[in-house]
Amino acid sequence: MTKLTMNEDLPFDETTTPPRVSTGDLPTAAEIQQLVTEAYELYRGDHSGTVADYIPVLAEASPDLFGIAVVGPRGRSFEIGDVAARFSIQSVSKPFVFALVCDAVGYEEARQRLGVNSTGFPFNSLMAVELNTERTMNPLVNAGAIATTSLAPGATADEKWASIRQRLSMFAGRELTMSEEVYTSESATNLRNQGIAHLLQSYGRLYFDPDEATDIYTRQCSLDVTVHDLAVMAATLANGGVNPVTGETVLRPGVCRRVLAVMASAGLYELSGDWLYQIGVPGKSGVSGGIVTVAPGKGGLATYSPPLDAAGNSIRGQLVTKYLSERLGLNLFASVPA
Ligand code: GLU
């Protein structure tokens, strides 16, 4: 396939250009709380979808678990349901690891080495690697994600893992730890990811030892989170890279907007176009049932509900996000005549 590439990034320096943004405010606290409650009540009775079982331990999750959290740009949170339930972050880790790699190597180099276009193939596709001369199409499906992990700061596997865990903890505003149970279960069954990593290495598109890169990637996917953690992580991306709860700067704003662009085009597996069409905001889902949604300047939304659609996206999570996106005014493409 011929390579089609847009020109190098426009010569725009966020450090010298005054901040101009295209977003407004969320409704009042009382309205947000009411809408979050409405969404929860409306969809808690939806039992469609299946819990992922290709990683054996994930199949043990109760399909009834259901939680919603919204964190605003000043750190206020609105939550309902199973907000204390812990689950492995899985693919929701991918945009955050991409973010820290952009911060380390520069977002333009990250684009060159990892790609930022959607694949149109399932998340663990080898065909997507074979059919595209760039090999990694974007950092949010497994091939690009393992390549992204291979670029994490650090000379050794331990250092790379430490830098990922530390930075994802900064996004969440608390120290995240790994679920040994998920890590063991996934490590015993991730032959496909090992295959992807070796295939990428054969094409010169992996930047660390393939077995070690896959192992660090599996650890990253096994980090334990709650829906509240995910909402804070999303709110940090919504807030130009500053965690609105801790006040800590996690990323430069210029990195943040690129991460959101990739989430908008590739965050919901091969249904990313449908998601953007219906919901109109960057998001990222994972096979354990989490979805993060980022409304730039307005805040982060996270949902947790394990039953998935065929592509691997939480069904209740999509319904809730659509409901709230419309009523909280999150859709980036919505405008009214002047
Ligand atoms: N660790 C999972 C895998 O590589 C992540 C999948 C996902 O959440 O999309 O299969």
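Just so we're clear, the structure is a prediction, and the values are computed from it rather than from any experiment. In listed order, ligands and their atoms are each counted from 1.
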* To do: State, to 0.1 Å, how close A59 and D53 come at their nearest heavy-atom pair, and which atoms those are.
  => CB-CB, 3.6 Å
* Asked: For N313 and S285, which heavy atoms make the closest approach, and how far apart are they?
  -> OD1-OG, 2.5 Å
* To do: Report the residues that fulfil salt bridge (Lys or Arg N to Asp or Glu O under 4.0 Å) with R205, sequence neighbours left out, ordered by chain and then residue number.
  => none
* May I ask you to say whether R167 pairs ionically with D103, meaning some side-chain N is under 4.0 Å from a carboxylate O? => yes
* Short N-O contact, R174 and D229, less than 4.0 angstrom -> yes
Extract all N/O-N/O pairs under 3.5 Å that connect ligand 1 to the protein, and present each with both atom names and the distance rounded to 0.1 Å.
{"residue": "ligand 1", "atom": "1 (N)", "partner": "Q90", "partner atom": "OE1", "Å": "2.6"}
{"residue": "ligand 1", "atom": "1 (N)", "partner": "E186", "partner atom": "OE1", "Å": "3.3"}
{"residue": "ligand 1", "atom": "1 (N)", "partner": "E186", "partner atom": "OE2", "Å": "2.5"}
{"residue": "ligand 1", "atom": "4 (O)", "partner": "N142", "partner atom": "ND2", "Å": "2.9"}
{"residue": "ligand 1", "atom": "4 (O)", "partner": "N193", "partner atom": "ND2", "Å": "2.8"}
{"residue": "ligand 1", "atom": "4 (O)", "partner": "Y217", "partner atom": "OH", "Å": "2.7"}
{"residue": "ligand 1", "atom": "8 (O)", "partner": "S91", "partner atom": "N", "Å": "3.0"}
{"residue": "ligand 1", "atom": "8 (O)", "partner": "S91", "partner atom": "OG", "Å": "2.8"}
{"residue": "ligand 1", "atom": "8 (O)", "partner": "Y269", "partner atom": "OH", "Å": "3.3"}
{"residue": "ligand 1", "atom": "8 (O)", "partner": "V287", "partner atom": "N", "Å": "2.9"}
{"residue": "ligand 1", "atom": "9 (O)", "partner": "S91", "partner atom": "OG", "Å": "2.4"}
{"residue": "ligand 1", "atom": "9 (O)", "partner": "Y269", "partner atom": "OH", "Å": "2.4"}
{"residue": "ligand 1", "atom": "10 (O)", "partner": "Y54", "partner atom": "OH", "Å": "2.5"}

* Asked: Are F66 and Y304 an aromatic pair by the rule of ring centers under 6.0 Å?
  -> no
